[in-house]
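To keep things clear, I will list the structure first and then write my remarks on it.
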Protein chains: 2
Amino acid sequence: MDREQALEIVKEQISGKRYIHTLGVMESAIELAKQYGVDEKKAEIAAIFHDYAKFRTKTEMKDIIDTHGIPADLLEYNAELWHAPVGAVLVEKVVGISDNEILDAIRYHTSGRAGMTKLDKVIYLADYIEPNRDFPGVEEVRELARKSLELALIKALQNTISFLLNRNQAVYPETINFYNDLIMKQGDEVYGE
Amino acid sequence: MDREQALEIVKEQISGKRYIHTLGVMESAIELAKQYGVDEKKAEIAAIFHDYAKFRTKTEMKDIIDTHGIPADLLEYNAELWHAPVGAVLVEKVVGISDNEILDAIRYHTSGRAGMTKLDKVIYLADYIEPNRDFPGVEEVRELARKSLELALIKALQNTISFLLNRNQAVYPETINFYNDLIMKQGDEVYGE
C-alpha cells in the first residue's frame, strides 16, 4: 500500500486535528526509523494507521476487546488505552494489513509492553515527540531522541507514569514492564548516527 | 510470644538505629491497628520482626530466595526489596512464628502486592510514617493516615514510585499492583474513628 492510499483511508476515520497529528507521527517515525536502522516503509504504514480506531465509541471498542483475544484487564484501565489494540484488529480485518510487525507497533503504541521491538519503540516515541506535540518535557525527549532511542523512551515513560501518579490514575502493568525493560537494559542503548 | 521477648530476639539482629526505627514502627502499627480494626497483637509482632533480615548479606539473602520459593524475578530488582521475604522465611524457621498473616505482613512490607490485607497495609504504612522518619512528604501521609488507611497508602505509593522514577530505578511489578489496587478500590476506603 502506498502512502497516499493509506492516508486516504485513515483520513476518513479521524478528525482533522488528529489527521495533522498523524502526519506528524509519520514524519517523526520515518526520521527515527532512518536514524535507528528500522524499516522505513513499515514505520510509515504503522504511523499512518496508529490512531485508526481513535474515534470508535467505547461500546464498539469494548465489544472488539471482548471478542478478539485482547487482554480483558485492559477494560479496568483508562479507556485511552483501548484504541491501540482495537486499531490493530481493525487495520488487519478492515484495511487488510497482515504484517505482524506493523500490527504490533499499532497494538502497543499507547500501553507499551515488555520486549518492545525497535519498530514498536519508534512508533511509541514518534507519537510522543511529533512536531505538533506541545507539553512540558517534550523538548527534552526530542533532544534525547537525537542521541539514543532508549534514553529518550526512558524519559518519556518517566513523564507519562508521573503524569498518571499525579492524577491518581492507575498505571497499566505493561507500561511498567516496558519502563523496567528499558531501565534494566541500560548500557545496551541504541545510539543514532 | 510477648513484646519483651520479641524485642530481645530482634535486637540481636539489627543495628541500634534500626532498633529505634523498629520501636517506632511498633508504636505506629499498634496505633493504626487500633484505629482501623486490625488485630493489635499481630500488628505488634509483625512490626517488631519486619526488619529481622535487614542486615543479612546479599549472598545469604540470594541463597534463601533461590531455595525457599521466593519469586526469582526479585533478584533483578533493587536489593532493598530482598530482606522482606527473606525475613518472613527466617522469622518462621528461626524464630518459630507460624501465623501466616504475620508472616505475610513481614513478607510484603517493602514491595507490597495485589490484594494486601489490612494487616499488610498497617505494617507497610507504619514503616513509612513511624515517628523517626523524616523525609519530604512524610507529614502529609501522617495526616492522611488519621483519616483513611487507603488514602494515606495511595500518597505513600505515589511518593515511593516517583522517587524510583526520578532515580532511573526499576519499579517492582507488585508495587504497581498494590498501587493500582488502591486506586481502583477508591470509594471503598477504610476510614478511622
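A, B, ... follow the sequence lines: proteins, then strands. Residue 1 opens every chain.
Listed by sequence position, the residues of residues 82-111 of chain B in contact with chain A number zero, using a 4.5 angstrom heavy-atom cutoff. Of all residues in residues 47-60 of chain A, none places a non-hydrogen atom less than 4.5 angstrom from a non-hydrogen atom of chain B.
Under the salt bridge (charged side-chain N to carboxylate O under 4.0 Å, His left out) criterion, no residue pair touches residues 19-32 of chain A, with sequence neighbours excluded.
In terms of hydrophobic clustering, with Ile, Leu, Val, Met, Phe, Trp and Tyr side chains grouped at heavy-atom distances under 4.5 Å, A:Ile20 and A:Ile9 are assigned to different clusters. B:Ile176 and A:Leu182 fall within a single hydrophobic cluster, where Ile, Leu, Val, Met, Phe, Trp and Tyr are joined by side-chain heavy atoms under 4.5 Å apart, directly or via other members. At a threshold of 4.5 Å between side-chain heavy atoms, the hydrophobic network of Ile, Leu, Val, Met, Phe, Trp and Tyr places B:Ile14 and B:Ile45 in one connected group. Each of A:Ile129 and A:Val25 belongs to its own hydrophobic cluster when Ile, Leu, Val, Met, Phe, Trp and Tyr are linked at side-chain heavy-atom distances under 4.5 angstrom.
None of B:Ile154, B:Leu165, B:Leu157 except one satisfies the side chain to side chain contact (heavy atoms under 4.5 Å, CB included) rule with A:Leu165; the exception is B:Leu165. Exactly one residue among B:Val171, B:Asn180, B:Asn177 makes a side chain to side chain contact (heavy atoms under 4.5 Å, CB included) with A:Val171. That residue is B:Asn180.
When only modelled atom types and interatomic distance are considered, A:Gln158 and B:Asn166 share no side-chain donor-acceptor pair under 3.5 Å.
For A:Glu80, the CD atom sits in a loose shell: 12 or fewer heavy atoms of surrounding residues, nucleotides or ligands are nearer than 6.0 Å. For B:Gln5, the CD atom is densely surrounded, since the number of other residues' heavy atoms within 6.0 Å is greater than 12. Around the NZ atom of B:Lys41, the shell of radius 6.0 Å holds more than 12 heavy atoms that belong to other residues, nucleotides or ligands. Summarising the local packing, NZ of B:Lys62 is surrounded by 12 or fewer heavy atoms from other residues, nucleotides or ligands at distances under 6.0 Å.
In this structure, chain A has a heavy atom under 4.5 Å from the backbone of B:Leu164, while its side chain stays farther away. Contacts of B:Glu76 with chain A are made by both backbone and side-chain atoms, with heavy-atom separations under 4.5 Å.
Qualifying ring-ring contact (aromatic ring centres under 6.0 Å, His included) partners for A:Tyr124, counting only residues two or more places apart in sequence or in other chains: A:Phe178.
Here the straight-line distance linking atom CG of B:Asn168 with atom OH of A:Tyr179 works out to 5.5 Å at 0.5 Å rounding.
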